[in-house]
Structure formats: structure tokens, C-alpha cells
Amino acid sequence: MGAGGGRQPVSGSRSDAAVSRRRTGRRALIGGAVRRAGYGSRQGAAAAFGLESGGGAPGLGSGELGGLRPRVRAETMGDRGGTGGSRRRRTGSRPSSQGGGGPAAAEEEVRDVGAGGDAPAPDKDGGAAVGSGPWDLRCHRLQDSLFSSDSGFSNYRGILNWCVVMLILSNARLFLENLIKYGILVDPIQVVSLFLKDPYSWPALCLVIVANVFAVAAFQVEKRLAVGALTEQAGLLLHVLNLATVLCFPAAVAFLQESITPVGSVLALMVYTILFLKLFSYRDVNLWCRERRARVKTKPASAGKKANGGVAQRAGTVSYPDNLTYRDLYYFLFAPTLCYELNFPRSPRIRKRFLLRRLLEMLFFTQLQVGLIQQWMVPTIQNSMKPFKDMDYSRIIERLLKLAVPNHLIWLIFFYWLFHSCLNAVAELMQFGDREFYRDWWNSESVTYFWQNWNIPVHKWCIRHFYKPMLRRGSSKWVAKIGVFLTSAFFHEYLVSIPLRMFRLWAFTGMMAQIPLAWIVSRFFRGNYGNAAVWLTLIIGQPVAVLMYVHDYYVLHHEAVAAGP
């Protein structure tokens, strides 16, 4: 017992010394952490170490927590009067460079502690407790709502996805209703009858083959003009006769030949319209080359320059009249462009995977368009005839809005199918380098911007061969724009009235109505409102024209037959 009693003081002193050292180490650690993080209050220390008013920190027992809290309070209270307080004032609102104790995390933790009930109680004068800064209780800042334009917020992807889901669901309901009401109407065999009325008579294909005659005629005229065998006046006369025949000959065949179907007639007339625009450009560019060659001959100092672009000939390029070959002519006729050049930009190789994707898209979207037309559009159009006959305007508007959805969807699919899939496939096969077949017309805030960007090959032709030549001849911009719309309106009516064998001028009127519509939209609508106005005209305008032509065609061909003897 004596020995044991003699050992107890030694053991107790060692234990007290060890505990004292541990407490001193903890106190130094806590004080250093508080000073480094810039917290000068009990709440700051609690936030820095995860301590709250009612519990302990992870890894610490309740006894240790009880020993830590008074010392943390003493350390921080002592710092307020000395260098710690000044350091806190200097660094309390200054961002910290340490990862875990960054300014955002530190400030949010202090705010949470201050709002959680562990903040110091106010003093007897009603002021804040000593050690609580003016930012301890703050949870608001100056900011705008996300839907306000001043907020700068632009990530509305979720809303866009919601719109897509709603669009799919609404159209799925309509499609299901159509299937329940009409059954499956898709018939691939019936599509063949749209192109052939007589299996042994293919007038549309014959028209396409005969188109080569007019292309060769234009080529032969240019060959003789290049060597001086024809005068410019005689060449101009021959070109005018050739181009006029390109438009009149297929129209006469489509109008007079009974065996040709409306769909086959449309395709044949489209081929001749494209041929007309290409040969017009072919004649213009070769004329410009002859004029430039004549100017170069009159200027000896420019003898080192070539007629093609007015610059020295580069390796691999072609200059006039070396371009007048059948190979060059037919490359231009099949290239996805309407504007002729002596040297087209060429891609280095054919990308097989890219080409395969475009071909699969062409096949898929062709079937999809045919199916949607047979299953969705045809029944809606047929059900619209009775309201038109009875002049029931409420029912007419209802049918118009019902037709607008499938019509617009098919038009969008047709745009992608033609301008992206088909033209890119042809360009890839021919290694044609310029793939700008369309621009961002979907962002159009004016009608003019839409017509300038949705069909780039036609727009380039109009600017190069119609708009700018009219300006050079002294016409004003307004007159030149009207001339462009008149030309476009003529070809729209040409491609509709002749295949249907009736002249109602709905397409012509619709195109000319774009002029006042463009003025109204640009004058009264801006930004998103202008874009919405453009979309509204696209969604509603086309079904109106479709119903007008279908109604007139139905009256002329079906009711006349039914009323006949």
C-alpha cells in the first residue's frame, strides 16, 4: 500500500502533464485554425470545426467538447483585443486562398450558424452582441428573377425539353386518334400510281431525258461565241429562244398530255426549272469571261493576268475558254448549285460514312413523308371539302388549324430531307466543296431574313443574276426586290398551276403578299416577337394555299364529273 501510495503522485503528475500537453496542443490548433480562417467569434470557431450548440464534433467525445468550448471562447475573445482581432477585421471579408475554407463556404457556414440560434444574444442596449459582424445574419442580396431579362440567365434547356415532350405527346394523341378513326392508310403501291397512270407510258421520264437537248444547245452556242463564229447579238437571241423553250415545252406537254400525272408533271417541271436557272447562269458567266478577256487584250500591262477572276493562273485551275467542255457542263448540271463557276471549290475526298448516313436519311425520310401524307394529311383534306362547299367559316378555320400541324411537320421534314440529306449526298459524291445550302432561317426575326437564308442556292442565283444586274442598270433597291419576288412568284405558280391544269394564282398571290407582310413584321415586331410572327406565317400560310388549290381541284374534277350526264 505504501509503495502503491508513493507511486500515485508520480502517476498523477505524469497524467496531468500529458493532459496539459494535449489541451495546450488542442488550444494552439484551434487558435491557429480560427486565426487562419478569419473567424473571431464562438460561432466562427463552431462553424470552422463543425460544432453546433447542441452536439459534438465528429471524432470528439462529450468530455473533450466540454473542455474545448470554453477554451475556444477564451481564445477568440482574447483575439478581439489584440492582433487576432485586427487580423479578423482584415481578413473577415477578404477571400481566402485555401480550398476548404474558401470565402463562399466560410460565409455560408457563418450565416447558417447565425441564423440557427447559436448567435450571441443582443446586449442590454438592444445592439448586436460583441463579436457578431454586420454580415453574420445576412441571407439576401441584390438580384433579379431568372425570367427577367436583366438577370442574364439563359439556360432554359429544361423548358425546351418540356416543349418537345408536350409536342410529342400532343401529336401522338392526334396520330392515335387518326389510327382509331381511319385505320392504317399507308399504301406504298398507291404511291406508284401518283407517278404512272399508264405502266407503258412514262411521259415525265421522257421529258427529263429530252432536257439534255437544251443543255447541249446552250453549250454549242457558247462554243461558237468563244471562237467568234457568232456575234453577241446572235448568241443572245439563240440563248433567249433556248431558255424560252426550256420553260414552254414541258409546260405544253404537261398541260396537253393526258397520260402524265400531276406528281410526275411537278417533278418534270422542277427539273426544267432548275435547268433554266443553271443555263441562265452558264450564259451570264461565260459572257462576263468574254468581256474580261476583251478588256485584258486592250491592256498590254495586264497580259500576265487571266480572264478567270482577273488574277494570274494558278496550277490546277481552268480559265476561259478551256472550261467549255462536256465534262465541265455536266458537272455543273449535276452539282448542287444554280450559280456557274469555272473553278468550283472541291473537297479532298469522298467520306464514305458521311455519305452512307445521308443516303439512309434520304431513304428513311422519304418513307416517313409518304406515310404522313397518306395517313394524316389526305383524310384531313378530304374532310375539309364539305365545310368549304357549305361556306361554314367556323368549320373551315377548325380544319385549317387541324391541317396546319401535319403540313408544317411534313414541310420541316422535307426541308431537312432536301437541303441537308439530298444535297449533301450529291455534293459528297461529286466532291463539291461549298455545303452552305441553308443558314439559320429558324432564327429569322423578319420575313426578309427568312427568304434570304432558307434556300441559299436560289438566293445566290437571285442576287447574282437578277438583283445586282438590275441595280447596275439603274433600278432602285425597292424595285429590284419587287422584281425578285415577282420572279419567285412566277415560278411558284408555274410549278403548281400547270400540273393541276388550272390557273387560280393562289401561289402567285401568296408570294407577292410577302412584300407587305415583310414590311409589317419589320415595322411592328422586333426580336422574339418578330421570330414568332415569321413562324406563324409559315405554319398558317401554307395550309391556306393547300386548301385553296385542293378545293378548286376537287370542284373542277370531282364535282364536275359527278354532275355530268
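Nothing fancy with the numbering, it's 1 onward along the sequence.
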Nearest heavy-atom contact between Ser497 and Tyr549 is OG-OH, 4.1 Å

Open item on the list: Within a 6.0 Å radius of atom CH2 on Trp506, are there more than 12 heavy atoms belonging to other residues, nucleotides or ligands?
Closed with: no

Check whether the side chains of Tyr330 and Asn212 place a donor and an acceptor atom closer than 3.5 Å, and report yes or no.
-> yes

When every non-hydrogen atom of Lys278 is compared with those of Ala335, the smallest separation belongs to NZ-O, 2.9 Å

Separation between CE (Met548) and CG (Leu505), nearest 0.5 Å, reads 14.0 Å

Discussion item. Could you tell me if the side chain of Lys481 sits less than 4.5 Å from the side chain of Met470, heavy atoms only?
Written reply: no

query = Could Arg327 and Tyr331 be counted as a cation-pi pair, given that NZ or CZ must be under 6.0 Å from the ring centre and within 45° of the axis?
reply = no

d(Met362 CE, Ser421 OG) to nearest 0.5 Å is 7.5 Å

_Applying salt bridge (charged side-chain N to carboxylate O under 4.0 Å, His left out) to Glu222 and Arg290, what does each step give before you reach the verdict?_
CA-CA 10 Å; Glu222 286 299 326; Arg290 287 194 298 274; 2.7 Å; yes

- Hey, can you tell me if Phe485 and Trp451 have their rings parallel, tilted or perpendicular (30° and 60° cut-offs)? perpendicular

The single option from Arg464, His465, His239 that satisfies side chain to side chain donor-acceptor pair (under 3.5 Å) with Asp284 is His465

Taken to the nearest 0.5 Å, the spacing of Phe508 CZ from Ser488 OG works out to 10.0 Å

So Leu486 and Met512, side chain to side chain contact (heavy atoms under 4.5 Å, CB included) or not? Walk me through it. CA-CA 7 Å; Leu486 278 171; Met512 295 308 299; 3.7 Å; yes

Worksheet item: Relative to each other, are the rings of Phe214 and Phe249 parallel, tilted or perpendicular (30° and 60° limits)?
Response: tilted

Does Tyr326, at its OH atom, have more than 12 non-hydrogen atoms belonging to other residues, nucleotides or ligands within less than 6.0 Å?
yes

Notebook entry, point to check: Just wondering, more than 12 heavy atoms not from Asn528 lying within 6.0 Å of its CG?
Noted result: no

In short, Leu359 meets Ala425 closest at the heavy-atom pair CD2-CB, 4.3 Å

Check your understanding: Looking at side-chain heavy atoms only, is the closest gap between Pro387 and Glu398 below 4.5 Å?
Key -> no

**OP:** Please tell me if the side chains of Lys460 and Asp434 come closer than 4.5 Å, counting only heavy atoms from C-beta onward.
**Re:** yes

Check the pair Gln452 / Ile463 against side chain to side chain contact (heavy atoms under 4.5 Å, CB included), numbers first and verdict last. CA-CA 10 Å; Gln452 291 174 348; Ile463 294 296; over 6 Å; no

Quiz item: Do the side chains of Tyr282 and Leu333 get nearer than 4.5 Å, heavy atoms only?
Solution: no

Tested for side chain to side chain contact (heavy atoms under 4.5 Å, CB included) against Val318, the lone hit among Asp328, Thr325, Asn323 is Asn323

Looking only at heavy atoms, the pair that brings Pro499 and Tyr494 closest together is CD-O, 3.8 Å

In terms of heavy-atom contacts, Ser281 and Cys339 come closest through OG-CA, 3.4 Å

Margin query: Under the criterion side chain to side chain contact (heavy atoms under 4.5 Å, CB included), I'd like the reasoning laid out for Ile540 against Leu401: C-alpha separation, chi angles, the key distance, then a yes or no.
Written below: CA-CA 8 Å; Ile540 300 298; Leu401 295 178; 3.9 Å; yes

- Query: Quick check: are there more than 12 heavy atoms from other residues, nucleotides or ligands sitting under 6.0 Å from CH2 of Trp162?
  - Reply: no

In short, Leu342 meets Tyr320 closest at the heavy-atom pair CD2-N, 3.4 Å

Pairwise side-chain contact, Ile413 with Leu372, heavy-atom cut-off 4.5 Å (strictly under): yes

field: CA sep, side-chain torsions, deciding dist, call: Arg173, Glu177, salt bridge (charged side-chain N to carboxylate O under 4.0 Å, His left out)
entry: CA-CA 6 Å; Arg173 185 197 67 81; Glu177 179 185 358; 3.2 Å; yes

Look at the side chain of Arg435 and the backbone N and O of Phe432, then say whether any donor-acceptor pair between them is shorter than 3.5 Å. yes

So does Phe334 have more than 12 non-hydrogen atoms from other groups sitting under 6.0 Å from CZ?
-> no

Min side-chain heavy-atom separation Leu207-Val253 under 4.5 Å:
yes

request  = Please lay out, stage by stage, how Leu418 and Phe437 fare under the test side chain to side chain contact (heavy atoms under 4.5 Å, CB included).
outcome  = CA-CA 10 Å; Leu418 176 62; Phe437 306 122; over 6 Å; no

> Counting distance only, does the side-chain N/O of Ser145 pair as donor-acceptor with the main-chain N or O of Ser148 below 3.5 Å?
Replying inline: no

**OP:** Evaluate the side-chain proximity of Leu324 to Phe219: yes if any heavy-atom separation is below 4.5 Å, no if none is.
**Re:** yes

Kindly indicate whether the side chain of Phe354, heavy atoms from C-beta on, has any atom under 4.5 Å from the side chain of Asn424. yes

Between Trp441 and the options Tyr449, Trp454, Trp535, the ring pair (Phe, Tyr, Trp, His ring centres under 6.0 Å) test singles out Trp535

Exactly one of Lys352, Arg351, Arg357 clears side chain to side chain donor-acceptor pair (under 3.5 Å) with Glu428, and that residue is Arg351

Take atom CZ in Phe147; do more than 12 heavy atoms of anything else shown fall under 6.0 Å from it?
-> no

* Asked: Donor-acceptor pair, Asn531 side chain versus Glu445 backbone, under 3.5 Å?
  -> no

Inspect the surroundings of CZ in Arg349 and state if more than 12 heavy atoms from other residues, nucleotides or ligands are less than 6.0 Å away. no

dist Thr448:OG1 -> Asn453:CG (nearest 0.5 Å) comes out at 10.5 Å

Taken to the nearest 0.5 Å, the spacing of Trp417 CH2 from Leu368 CG works out to 12.5 Å

Once you measure the plane-to-plane angle for Phe276 and Phe491, does it fall in the parallel (<30°), tilted (30-60°) or perpendicular (>60°) bin?
tilted

Flag yes if more than 12 heavy atoms outside Tyr529 fall under 6.0 Å of its OH atom; otherwise flag no.
no

Report task. Please confirm whether Phe332 and Tyr340 have ring centers closer than 6.0 angstrom. Result -> yes

Between the NE2 atom in His408 and the CG atom in Leu538, the distance rounded to the nearest 0.5 Å is 6.5 Å

